[in-house]
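Report on the following structure.
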Amino acid sequence: SLNLGEEDFLGNLSIYPNPNKGEFNVKFNTLGQHIKIEIFDVFGRLITSRSFNESGKFDQVIKINHPQSGLYLLNITDRNRIVTKKIIIN
């Protein structure tokens, strides 16, 4: 199977503001649909998970309820491909 690089899978990925206070924008261009956004804390606990059916331009505001300050991992999944980015909540 052809493995696309992260840059091909998510064009122009932008996560802002970062650091943030528990609310941030995620924007990118995608070839696929069925996008899943998951946020994990440093202990691997799932904090939030949201699914979207979008293709082309993805542009969503992600909110974490009652956020604790610290480092989090943001996973963006498009079926079988995944990109992980760090976000900081202060």
Side-chain angles (χ1 to χ4, degrees):
S1 66
L2 179 64
N3 232 348
L4 290 176
E6 180 177 302
E7 296 77 22
D8 299 322
F9 161 38
L10 296 180
N12 302 318
L13 175 60
S14 177
I15 299 165
Y16 63 92
N18 189 18
N20 62 71
K21 302 209 178 302
E23 183 173 328
F24 55 94
N25 296 71
V26 178
K27 291 174 107 169
F28 55 86
N29 301 323
T30 180
L31 301 173
Q33 296 176 321
H34 310 295
I35 305 294
K36 186 161 71 171
I37 304 275
E38 295 172 306
I39 299 171
F40 295 89
D41 67 12
V42 290
F43 304 107
R45 293 182 296 217
L46 180 64
I47 302 301
T48 189
S49 177
R50 291 183 61 194
S51 295
F52 303 90
N53 266 322
E54 297 193 21
S55 61
K57 290 198 180 301
F58 184 94
D59 185 359
Q60 294 286 338
V61 175
I62 306 297
K63 291 182 187 176
I64 299 174
N65 293 326
H66 315 295
Q68 303 289 313
S69 60
L71 177 69
Y72 291 81
L73 296 178
L74 172 72
N75 284 357
I76 304 169
T77 308
D78 173 6
R79 290 199 188 269
N80 55 357
R81 294 170 295 187
I82 188 164
V83 172
T84 302
K85 297 292 181 185
K86 292 177 182 158
I87 57 171
I88 294 171
I89 293 179
N90 55 16

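Being a predicted model, the structure only gives us computed values, none of them experimental. Residue indices begin at 1 and follow the sequence shown.
Counting only residues at least two apart or on different chains, the ring pair (Phe, Tyr, Trp, His ring centres under 6.0 Å) pairs with a member in residues 31-57 are Phe52-Phe58. Counting only residues at least two apart or on different chains, no salt bridge (charged side-chain N to carboxylate O under 4.0 Å, His left out) pair has a member in residues 64-76. Judged as a salt bridge (charged side-chain N to carboxylate O under 4.0 Å, His left out), the pairs with a partner in residues 31-42 (not counting sequence neighbours) are, in order, Lys36-Glu38, Asp41-Arg45.
For Lys27, the salt bridge (charged side-chain N to carboxylate O under 4.0 Å, His left out) partners two or more places apart in sequence, or in a different chain, are Asp59. Listed by chain and number, the residues in a side chain to side chain donor-acceptor pair (under 3.5 Å) with Gln60 are Glu54 (sequence neighbours excluded). With sequence neighbours left out, the side chain to side chain donor-acceptor pair (under 3.5 Å) criterion links Asn75 to Thr84.
Val26 places a side-chain heavy atom less than 4.5 Å from the side chain of Phe28. In this structure the side chain of Phe24 never reaches within 4.5 angstrom of the side chain of Asn18, judged on heavy atoms. For the pair Lys86 and Leu74, the minimum side-chain heavy-atom distance is 4.5 Å or more. For the pair Asn20 and Ile89, the minimum side-chain heavy-atom distance is below 4.5 Å.
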I would like to know whether Ile76 and Thr30 meet side chain to side chain contact (heavy atoms under 4.5 Å, CB included); could you show each step before the answer?
CA-CA 11 Å; Ile76 304 169; Thr30 180; over 6 Å; no
Kindly list each side-chain donor-acceptor pair under 3.5 angstrom involving residues 61-68, sequence neighbours excluded, with atom names and distances?
none

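With hydrophobic clusters built from ILVMFWY side chains whose heavy atoms lie under 4.5 angstrom apart, Ile37 shares a cluster with Ile47.
Through side-chain heavy atoms spaced under 4.5 Å, either directly or across other Ile, Leu, Val, Met, Phe, Trp or Tyr residues, Tyr16 is tied to no other residue.
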